[in-house]
Amino acid sequence: MNGTRTLPTRPSDHGRKYSTPMAPPFMVSAPGKVIVFGEHAVVHGKAAMAAAISLRSYLHVTTLSKSHRTIRLCFPDIGLDHTWNIDELPWDVFGKVLKKPKYYDMVTSLDEKLVEAMRPAIEEVAPEEQGDKRRILQSAASAFLYLYLSLQQATTPAAIWVLRSTLPTSAGLGSSASVCVCIAAALLKQIHVLSGPHPDQPDEEVETQLERINRWAFVGELCIHGNPSGVDNTVSTRGKAVLFKRTDYTRPPQATPINTFPELPLLLVNTKQPRSTSTEVAKVGALKKKYPDVTEKTLDSIDQVTMSAYKLITSDSFDPKSEHNIEHLGDLFRMNHGLLVSLGVSHPKLERVRELVDYADIGWTKLTGAGGGGCAITLLKDNVDKQRIEKLQEDFEDAGYEEYKTTLGGDGVGILYPAVLKNGSEEKGGEEINLQKFLNAQGADDIERLAGVGIREKRPEWKFWRLSDAN
Ligand SMILES: Nc1ncnc2c1ncn2[C@@H]1O[C@H](COP(=O)(O)OP(=O)(O)OP(=O)(O)O)[C@@H](O)[C@H]1O
Ligand SMILES: C[C@@](O)(CCO)CC(=O)[O-]
């Protein structure tokens with residue numbers, strides 16, 4: 001069954017009085033991330049340091065009445081609009097063939113039998129598309145379907161899922177992880193196994209909810225990436241900044257919150273060179289197979305760079321305004337980038353960013369995320385002349401690159417339940433973000449204006465699972 005364009009309406013779209021006990025439309029949002037140190041090495045059990053950014057994905061879920069039996073996925077950023085008939089999905093594979101995992105289980109690999117059973121439903125997604133475009137659409141659809149079949153029942157109500165992101169897709173800023181966190185959180189919310197979020201929730205309970213969401217987001221990442229370390233979904237779920245390490249994939253990773261993550265003067269530039277994380281990760285895997293000793297040593301060196309940066313920024317004497325400290329961190333940026341180049345995951349367009357920054361002599365640059373294109377981050381030197389930054393920004397524009405303004409270390413996954421904002425008015429009811437409004441938003445600015453989390457203004461209706469020491 002393919003994309004129907006008309007949107008079924010609920011009995012009452014205007015007020016919030018529903019004539020049936022249907023769940024109201026709700027939203028989930030999760031941030032992207034920058035990896036400050038340690039990408040790729042982290043896939044091989046070394047440490048990585050990453051921070052959430054203010055660019056985010058937003059998922060809107062509308063439950064339909066019992067007369068509908070469809071699940072529609074509408075992900076306009078990537079051109080996906082597909083509808084499945086719920087009763088035609090392979091629900092029977094679980095139970096008959098496989099043991100259905102519990103919502104609290106830790107799933108660390110995909111079950112080939114379920115992947116196989118899902119295949120016909122995935123094959124019918126975007127059959128008219130070819131190559132990379134098809135892969136992008138089908139991988140997003142598989143992440144959703146795998147989680148949907150794992151967490152829901154055949155009796156699940158019909159629904160429309162619309163996802164829009166202010167993050168660039170496939171650019172190293174964790175777009176896939178933020179999508180997977182949104183999907184995992186929304187599915188868990190729908191089956192009523194998430195408590196909160198509410199302000200006085202004890203830390204232990206907050207941890208349980210975050211862990212639950214993160215585990216399933218990781219399964220979504222397995223569908224998109226193949227071999228994720230879990231750092232992206234962990235930062236996207238928890239927000240702020242973490243030092244992450246995973247040596248044993250059958251156990252939860254170590255994720256040490258960095259509560260004192262400094263406000264660093266960073267430029268974030270997208271080369272707009274498309275690439276896929278799974279390809280870049282596979283490249284390093286192949287290199288390690290070919291040259292095990294040398295590659296392992298390179299990965300160990302990245303680990304040392306990451307740990308050295310961690311020690312530096314968590315030391316009591318670290319001051320982001322200190323020229324000496326920033327130079328130290330900058331040197332570590334340069335070393336980390338050089339090691340990534342030697343692993344073969346840079347790209348001429350990323351090297352061009354580094355070159356332009358080096359010529360301007362205003363900071364230190366490294367690729368961020370999987371590389372092969374995508375984004376670079378530049379740590380700016382102290383007291384850099386404004387004109388030199390402006391000239392550099394012109395050079396970036398001339399090269400066809402895009403710079404993003406973002407802040408580091410914001411909130412992780414959040415929920416807006418129901419999808420209603422008061423928007424400064426005390427009027428009863430407030431303003432509902434209905435499906436059509438969400439679909440009509442034009443681009444990132446409009447999405448943020450309509451539903452944005454903590455960027456333009458504090459929106460108290462959005463709720464987050466916050467740990468007491470991370471506020
Ligand atoms: N806005 C979006 N809507 C729907 N699916 C998306 C969206 N953004 C990303 N995706 C899914 O995530 C995939 C991109 O994941 P990929 O890991 O290659 O890039 P990334 O997560 O942006 O980069 P990195 O892993 O280096 O941070 C896409 O192929 C698509 O399946
Ligand atoms: C390249 C990589 O290290 C980071 C991608 O953002 C892959 C991963 O950790 O899953």
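Sequence positions, counted from 1, serve as the residue numbers for this chain. Atoms within a ligand are numbered from 1 in the order they appear, just like the ligands themselves.
Of all the atoms in ligand 1, the ones that sit under 4.0 Å from a non-hydrogen atom of T169 are 1 (N), 7 (C), 8 (N), 9 (C). Residue-ligand proximity, V231 to ligand 2, at heavy-atom distances under 4.0 Å covers atoms 9 (O). Distances below 4.0 Å separate heavy atoms of F75 from the following atoms of ligand 1: 4 (C). Less than 4.0 angstrom separates some heavy atom of V42 from each of these atoms of ligand 2: 3 (O), 9 (O). Per-residue contacts place E39 under 4.0 angstrom from the following atoms of ligand 2 (heavy atoms of the residue considered): 3 (O). Near S165, meaning under 4.0 Å from one of its heavy atoms, ligand 1 places the atoms 1 (N). Every atom of ligand 1 with a heavy atom of L173 under 4.0 Å away is listed here by number and element: 27 (O). Each of the following atoms of ligand 1 lies closer than 4.0 Å to a heavy atom of H225: 17 (O), 25 (O). Set against the non-hydrogen atoms of D232, the atoms of ligand 1 under 4.0 Å away are 24 (P), 25 (O), 27 (O). The contact set between ligand 1 and A140, taken as ligand atoms under 4.0 Å from a residue heavy atom, comprises 5 (N), 31 (O). Near V43, the atoms of ligand 2 lying under 4.0 angstrom from a non-hydrogen atom of the residue are 3 (O), 7 (C), 8 (C), 9 (O). Heavy-atom contacts of L163 reach the following atoms of ligand 1: 1 (N), 2 (C), 3 (N) (cutoff under 4.0 Å).
Protein heavy atom at the shortest distance from atom 19 (O) of ligand 1 is S170 CA, 3.2 Å. Of all protein heavy atoms, the one lying nearest to atom 3 (O) of ligand 2 is H40 N, 2.9 Å. Summary of contacts: the protein heavy atom closest to atom 25 (O) of ligand 1 is T277 OG1, 2.8 Å. Nearest protein neighbour of atom 4 (C) of ligand 2, counting heavy atoms only, is I35 CD1, 3.6 Å. Scanning the protein for heavy atoms near atom 9 (O) of ligand 2, the closest one is S229 OG, 2.6 Å. For atom 5 (C) of ligand 2, the closest non-hydrogen atom on the protein side is D232 OD2, 3.5 Å. In terms of protein heavy-atom proximity, atom 11 (C) of ligand 1 is nearest to I224 CD1, 4.2 Å. Looking only at protein heavy atoms, the nearest one to atom 30 (C) of ligand 1 is I136 O, 3.7 Å. Of all protein heavy atoms, the one lying nearest to atom 1 (N) of ligand 1 is D77 OD2, 2.9 Å.
We find that E403 and K405 are joined by a salt bridge, their nearest charged nitrogen and carboxylate oxygen being less than 4.0 Å apart. Of the charged side-chain nitrogens involved, none lies within less than 4.0 Å of a carboxylate oxygen, so that K33 and E39 do not count as a salt-bridged pair. Note on D300 versus K297: no salt bridge recorded, every NZ/NE/NH1/NH2 to OD/OE distance being 4.0 Å or above. The existence of a salt bridge linking E128 and R134 is excluded, since no basic side-chain nitrogen approaches an acidic carboxylate oxygen closer than 4.0 Å. Under 4.0 Å is where a charged nitrogen must lie from a carboxylate oxygen, and between R135 and D132 at least one such pair does. Taking a cutoff of 4.0 Å between a charged side-chain nitrogen and a carboxylate oxygen, D105 and R215 do not qualify as a salt bridge. Contact check on R69 versus E88 returns no salt bridge, with no Lys/Arg side-chain nitrogen under 4.0 Å from an Asp/Glu carboxylate oxygen.
The proximity of A143 to ligand 1, defined as any non-hydrogen pair under 4.0 Å, does not occur for either the backbone or the side chain. When non-hydrogen atoms are compared, ligand 1 lies under 4.0 Å from the side chain of K33 (C-beta onward) but not from its backbone. With a heavy-atom cut-off of 4.0 Å, H225 touches ligand 2 through its side chain alone.
In terms of heavy-atom proximity, C375 sits nearest to L268 at CB-CD1, 4.1 Å. Of all heavy-atom pairs between L379 and L264, the closest is CD1-CB, 4.1 Å.
Between the side chain of R164 and the main chain of L439, a donor-acceptor pair closer than 3.5 Å is present. Between the side chain of D77 and the backbone N or O of S165 there is at least one donor-acceptor pair closer than 3.5 Å. A donor-acceptor pair under 3.5 Å is absent between the side-chain atoms of E112 and the main chain of L110, judged by distance alone.
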Practice task
Applying salt bridge (charged side-chain N to carboxylate O under 4.0 Å, His left out), run through R119 and E116 and close with a yes or a no.
Solution key: CA-CA 5 Å; R119 203 179 301 280; E116 203 41 54; 2.7 Å; yes

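Polar contact with ligand 1: absent for I78 (N/O pair, distance under 3.5 Å). Annotation: G172 places an N or O atom under 3.5 Å from an N or O atom of ligand 1; distance criterion only. By the 3.5 Å distance cut-off applied to N or O atoms, A370 is counted among the residues near ligand 1. Residue S175 has at least one nitrogen or oxygen atom sitting less than 3.5 Å from a nitrogen or oxygen atom of ligand 1, judged on distance alone. Here's the thing with S176: one of its N/O atoms is less than 3.5 angstrom from an N/O atom of ligand 1. At under 3.5 Å, a nitrogen or oxygen of K33, whether backbone or side chain, sits near a nitrogen or oxygen of ligand 2.
With hydrogens and angles left out, the side-chain atoms of H347 and E280 include no donor and acceptor closer than 3.5 Å.
Note: F75 and F144 fail the aromatic proximity criterion, with ring centroids not under 6.0 Å apart. The ring of Y104 has its center no closer than 6.0 angstrom to the ring center of W216.
The heavy atom nearest to atom 6 (C) of ligand 1, out of those in V179, V281, I183, L137, is found in V179.
The number of heavy-atom neighbours closer than 6.0 Å to OH of Y249, taken from other residues, nucleotides and ligands shown, is above 12.
Within the cation-pi definition used here (under 6.0 Å to the ring centroid, within 45° of the axis), R246 qualifies as a partner of F218.
In this structure, R275 counts as a contact residue of ligand 1, since one of its heavy atoms falls inside 4.0 Å of the ligand.
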